[in-house]
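Below is one structure, written out as C-alpha cells; the observations come after it.
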Amino acid sequence: MLGRDLQDALAGRDVTAVDRGELDITDLAAVREAVAGYDVIINAAAYTAVDAAEENEAAAYLVNAIGPRNLAIGAAFVGAKLVQISTDYVFDGAGSAPYVEDTAIDPINAYGRTKAAGEQFVLTEHPAGSYIVRTAWLYGAHGPNFGRTMLTLAAGRDTVSVVADQFGQPTWTVDLAAQIVALLDADAPAGIYHGTNAGKTSWFGFAQAVFESAGLDPERVEPTDSTKFVRPAARPAYSVLGHDAWAAAGLTPMRDWRDALAAAARHGAFELS
Ligand SMILES: NC(=O)c1ccc[n+]([C@@H]2O[C@H](COP(=O)([O-])OP(=O)(O)OC[C@H]3O[C@@H](n4cnc5c(N)ncnc54)[C@H](OP(=O)(O)O)[C@@H]3O)[C@@H](O)[C@H]2O)c1
C-alpha cells in the first residue's frame, strides 16, 4: 500500500521499485546484490498481518526484524541512506500525551515486538545513515483500507459499530510518501521521526469522518468499546505520536488527519471497486 504511493511520490527520479518476487528482504545475499549502486533504500516491506503474527511470530520476525537488519547491513556497506518504516505498535499504548520520538519502546503484541526488533537492528547496523519513520493507522488507494471497509459495510446495513476507546492518527499513505521524500531531499539528520497525520481521533471518529466524506449520515456510526471486538493481538489504546523531530530538522510536520482524509476521499482512496 505505502510502496505504491512512494513510487508515485518519486516519479521522475531514478528509482527502482521491487516487490517480494524480485527481492526477498530476508535473504542477505540477495539484499547485498540488490542495493549495490543505490544512494537511498526505502523499506516499505513488512509482515503486516497483526493478528496472524501472534501465531506466526517467527515468520513475522524474519520479515520485520531480519529484513531491516539485512537492508541496514547492505546500506552501510554501500554508503546508502536507509528509510525503515516502523509503527506506533512499538509503544504500549498506555500513554495519555503524544509519544515523543525517544520514548522507551515497549510493544504489547507479536507484530510490535518484531517491528521493534527491526528498529533496533537498523539503529545498530547503520545508525549514522538511517531514518526510522514510525507511522500508524495507514490508509491508501492501494490497500484494503479502513475507509473502504466502512463504506462497504454502509452499503449493506443501516448502522455500523466502531470502537471509540482506541485513539490514534489516521494517516494517508500519499501524505506519508511525500513526507519521506521531503525528509530525504532535506538531507535531515539520521534518527527517529513520527510519520503520522496530525491531530487525534478514535476509530469511531475516523469512521464518522469517512461516512461524512461520502455524503452519508455519520449518525449511522455507533460507538462501542474494545471489549466487544476482542482480537488475537492486543491493540494499544493510545497511539498518538508526537511530531517534534520534524521541526528540529527544519521540516513541516504532516497536516491534520481531517484535511488529509478530505483530500484522500477526493482522490478516490475509499472508492469501492
Ligand atoms: N498499514 C498500517 O496501518 C500500518 C501502520 C503502522 C505501520 N505500518 C508499516 O508501514 C509499512 C507499509 O505498510 P503497508 O500497509 O503499506 O504494507 P502492505 O500493504 O502489507 O505491504 C507490505 C509489502 O511487503 C511485502 N513483503 C512481505 N514480506 C516480504 C519479503 N520477505 N521481502 C520483500 N517484500 C515482502 C508484501 O508482499 P506480499 O504481498 O507478497 O506479501 C507487501 O507487498 C510497513 O513497514 C508497516 O509495518 C503500517
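In this chain, numbering begins with 1 at the start of the sequence shown. Hydrogens, waters and symmetry mates are skipped; everything else that's a heavy atom, side chains included, is used. Note that ligands are numbered from 1 as they come in the structure, with each ligand's atoms numbered from 1 the same way.
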Only heavy atoms of Leu138, strictly under 4.0 Å: list the atoms of ligand 1 that pass. 1 (N), 2 (C), 3 (O), 4 (C), 10 (O), 48 (C)

Interfacing atoms of ligand 1 (cut-off 4.0 Å, heavy-atom, Asp24): 30 (C), 31 (N), 32 (N)

Report yes or no: is the cationic atom of Arg32 (NZ for Lys, CZ for Arg) under 6.0 Å from the centre of the six-membered ring of Phe77, at an angle within 45° of the ring normal? yes

For ligand 1, note which part of Tyr111 has a heavy atom under 4.0 Å away: side chain, backbone, both or neither. side chain

Quick one: does Ser86's side chain have a donor or acceptor within less than 3.5 Å of a partner on Val133's backbone? no

I'd like to check whether Lys115 has a polar contact with ligand 1, where a contact means an N/O of the residue lying under 3.5 Å from an N/O of the ligand. yes

contact_flag Thr135 ligand 1 heavy-atom lt 4.0 Å: yes

Does Gly143 come within less than 4.0 Å of ligand 1, judged by its heavy atoms? no

Should Ala44 be listed as contacting ligand 1, given a heavy-atom distance under 4.0 Å as the test? yes

Within the 3.5 Å criterion, strictly below it, is a donor on Gln169 or Asn197 matched to an acceptor on the partner's side chain? no

Looking only at heavy atoms, is any part of Ile25 under 4.0 Å from ligand 1, and if so is it the side chain, the backbone, or both, or is it neither? both

Taking 4.0 Å as the limit for heavy-atom contacts, which would you say applies to His142 with ligand 1: side chain only, backbone only, both, or neither? neither

Which of the numbered atoms in ligand 1 are under 4.0 angstrom from any heavy atom belonging to Leu23? 32 (N), 33 (C)

Using a strict threshold of under 4.0 Å (side-chain N to carboxylate O), is an ion pair present between Asp51 and Arg235? yes

Numbering as shown, the atoms of ligand 1 that approach Leu2 to under 4.0 Å (heavy-atom distance): 12 (C), 16 (O)

Run the numbers for me: atoms of ligand 1, each under 4.0 Å from some heavy atom of Ser86, listed by number. 7 (C)

Mind checking whether Ala136 contacts ligand 1 via backbone (N, CA, C, O), side chain (CB onward), both or neither, at a 4.0 Å heavy-atom cut-off? backbone

Check the pair Trp137, Phe146 against ring-ring contact (aromatic ring centres under 6.0 Å, His included), reporting the backbone distance first and the verdict last. CA-CA 9 Å; Trp137 294 31; Phe146 177 80; 7.8 Å; no

Under-4.0 Å heavy-atom contact with ligand 1, by part of Thr48 that carries it: side chain

